[in-house]
Number of protein chains: 2
Amino acid sequence: MNRRDEILAAAAEVFAQHGFRGSTTRRIADAAGVNEITIFRQFGSKEALLREAMQHMTESAGLAELPEIPSDPERELTEWSESFIQHLRLRSSIIRKTMGEIEERPEMSECASSVPIRASNELCKYLVALGRQGWTSEKFEPKTAAAMLMGAIFADAMGRDMMPDVYPQPRAKAAHMYTVLLLRAIGVQNGPRRMTNKQTKRTKQLSA
Amino acid sequence: MNRRDEILAAAAEVFAQHGFRGSTTRRIADAAGVNEITIFRQFGSKEALLREAMQHMTESAGLAELPEIPSDPERELTEWSESFIQHLRLRSSIIRKTMGEIEERPEMSECASSVPIRASNELCKYLVALGRQGWTSEKFEPKTAAAMLMGAIFADAMGRDMMPDVYPQPRAKAAHMYTVLLLRAIGVQNGPRRMTNKQTKRTKQLSA
DNA sequence: TGTGTAAGTAAGTGACTACTTGCATTCTGG
DNA sequence: CCAGAATGCAAGTAGTCACTTACTTACACA
């Protein structure tokens with residue numbers, strides 16, 4: 001169904017620019033190069049179309065993975081952060097619109113929240129592994145640390161266009177800078193540092 | 001002008017719930033207990049009304065201040081963070097709506113960005129002072145650190161309602177937890193610790 | 001008492017919106 | 001070559017939206 005996917009893509013694009021109320025069937029049809037009627041025949045209603053477009057988007061969202069066992073925290077976490085911030089930046093318009101619709105269309109927002117929830121779990125698991133493997137010298141709550149890194153990345157991706165002076169330069173290194181700060185906060189030293197595999201919980205590794 | 005302020009307040013409330021397109025003059029008039037016509041006579045157009053309501057809001061936003069010279073970083077920063085997160089939480093609906101309108105109504109969004117810009121400058125200045133006074137043991141970029149703390153707070157305020165499991169518990173201590181993490185990231189030790197007033201740049205204060 | 005001002009009532013205008021109906025056209029698979 | 005499905009076109013429906021016009025009411029102040 002080529003036509004169907006074209007309409008879904010056009011709907012997502014129009015929604016990203018104009019939100020739900022601004023996504024008129026006329027605009028979506030024009031953007032898809034399709035007669036307005038085709039939309040109603042294919043999807044029944046504007047709401048059904050946008051719901052399907054939303055699900056289609058979130059399902060096709062590929063997130064970077066973090067290794068089960070950390071071997072180079074700074075490199076691994078930086079790569080993950082960069083892929084995450086890129087993901088958010090590419091979708092910043094649609095995310096902002098979706099967040100604005102929480103009160104009026106909670107189903108759509110719920111569907112969109114699955115991505116950050118998965119990302120948070122992935123990151124949390126990695127941070128716990130870091131602690132268990134003795135990489136960290138500070139006691140920390142994984143959920144708080146994860147929320148902090150993801151929050152910084154999220155705010156950067158959402159707000160940099162509007163307030164460029166507030167965020168660190170250059171934008172391409174922002175994710176790395178947040179990552180380094182977080183690693184310091186939980187007491188992980190720079191660079192890959194192979195340790196004894198013995199799981200010494202919270203080994204005090206007072207620098208080298 | 002009592003009537004005028006009532007209408008402005010009602011407009012802000014309706015906008016927070018329904019966004020620009022959803023804020024019909026009918027709805028605003030009903031919310032204000034006023035005839036629809038009065039709105040047009042007072043403000044000329046729906047757009048002018050909402051613009052004025054927006055400015056009215058941002059002007060009346062009082063932000064907590066940070067001391068010029070830090071004396072108890074954890075306490076001072078925690079208080080600031082808590083006041084900031086409370087400010088954002090009280091306005092989360094209207095902020096989400098405003099963010100969703102950036103593409104279509106950039107003037108309104110620009111006006112809203114003044115608050116976080118001021119907050120960021122304030123925080124940055126404090127972090128620089130921390131470094132200059134020798135509270136920190138790590139080299140760090142103030143802007144990055146500020147963006148990280150504010151980002152975490154912002155994301156918490158915007159997203160906790162939708163994804164409560166992602167953010168640290170209890171919500172009342174979240175701001176404090178982010179603050180502690182940030183202080184660790186820049187190498188500030190716990191508790192108030194009076195130092196020589198001599199401005200030793202980046203004094204290595206390897207614990208007590 | 002008279003006058004100006006802010007507010008209300010009633011009715012309507014033109015544009016847009018989601019969605020429908022009826023019919024013609026094109027394309028596809030057997 | 002032909003049935004059936006997908007698509008397009010023209011027209012229309014009922015509703016909403018921002019905004020206007022014309023007129024009335026209430027009240028402050030001099």
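Given the structure is predicted, the values throughout are model-derived calculations rather than measurements. Quick note on labels: first sequence line is chain A, next is B, and so on, each numbered from 1. Only heavy atoms go into these numbers, but all of them, side chains included; no hydrogens, no water, no symmetry mates.
- In this entry the distance linking CG of Asn35(B) with P of dA10(C) reads 10 Å, nearest Å.
- Within the structure, every pair that satisfies the ring pair (Phe, Tyr, Trp, His ring centres under 6.0 Å) test and touches residues 67-103 of chain A, not counting sequence neighbours, is listed here: Trp80(A)-Phe84(A).
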Evaluate the criterion side chain to side chain donor-acceptor pair (under 3.5 Å) for residue pair His176(A) and Glu74(A); output intermediate values, then yes/no. CA-CA 8 Å; His176(A) 176 245; Glu74(A) 182 172 333; 3.1 Å; yes
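- Within the structure, every side-chain polar atom (N or O) of Thr38(A) is placed at least 4.0 Å from both OP1 and OP2 of dT7(D).
- If you measure from atom CZ of Arg26(A) to atom P of dC17(D), you get 21 Å, rounded to the nearest angstrom.
- Atom CG of Leu49(A) and atom P of dC19(C) are 10 Å apart (whole Å).
- With contacts defined as side-chain heavy-atom distances shorter than 4.5 Å, the pair Phe15(A)/Met108(A) qualifies.
- Distance CD (Gln42(A)) to P (dT7(D)): 5 Å, rounded to an integer number of Å.
- Salt bridge absent: Asp165(A) and Lys143(B) never bring a charged side-chain N and a carboxylate O closer than 4.0 Å.
- With dT9(C), dA10(D), dA18(D) as the candidates, the nucleotide lying closest to the side chain of Ile37(A) is dA10(D).
- Rounded to a whole Å, the CD1 atom of Ile39(A) is 16 Å from the P atom of dA6(D).
- In this structure, CZ of Phe43(A) is placed 13 Å from C1' of dA6(D), rounded to the nearest angstrom.
- The distance between atom CZ of Arg41(B) and atom P of dT21(D), rounded to the nearest whole Å, is 12 Å.
- An OP1 or OP2 oxygen of dT26(C) is reached within less than 4.0 angstrom by no side-chain nitrogen or oxygen of Arg3(A).
- Taking the side chain as every heavy atom from C-beta outward, Met148(B) and Tyr178(B) never approach each other to under 4.5 Å.
- Contacts between residues 11-24 of chain B and DNA chain D, defined by a heavy-atom separation under 4.0 Å, are made by Ser23(B), Thr24(B).
- With sequence neighbours excluded, the residues satisfying salt bridge (Lys or Arg N to Asp or Glu O under 4.0 Å) with Asp161(A) are Arg171(A).
- In the set dG8(C), dA18(D), dT21(D), dG8(C) carries the atom at the smallest distance from any side-chain atom of Val34(B).
- Proximity of Leu123(A) to Leu77(A): side-chain heavy atoms (C-beta onward) are separated by under 4.5 Å at one or more points.
- Here dA22(D) presents its P atom at 17 Å from CZ of Phe40(B), a figure rounded to the nearest Å.
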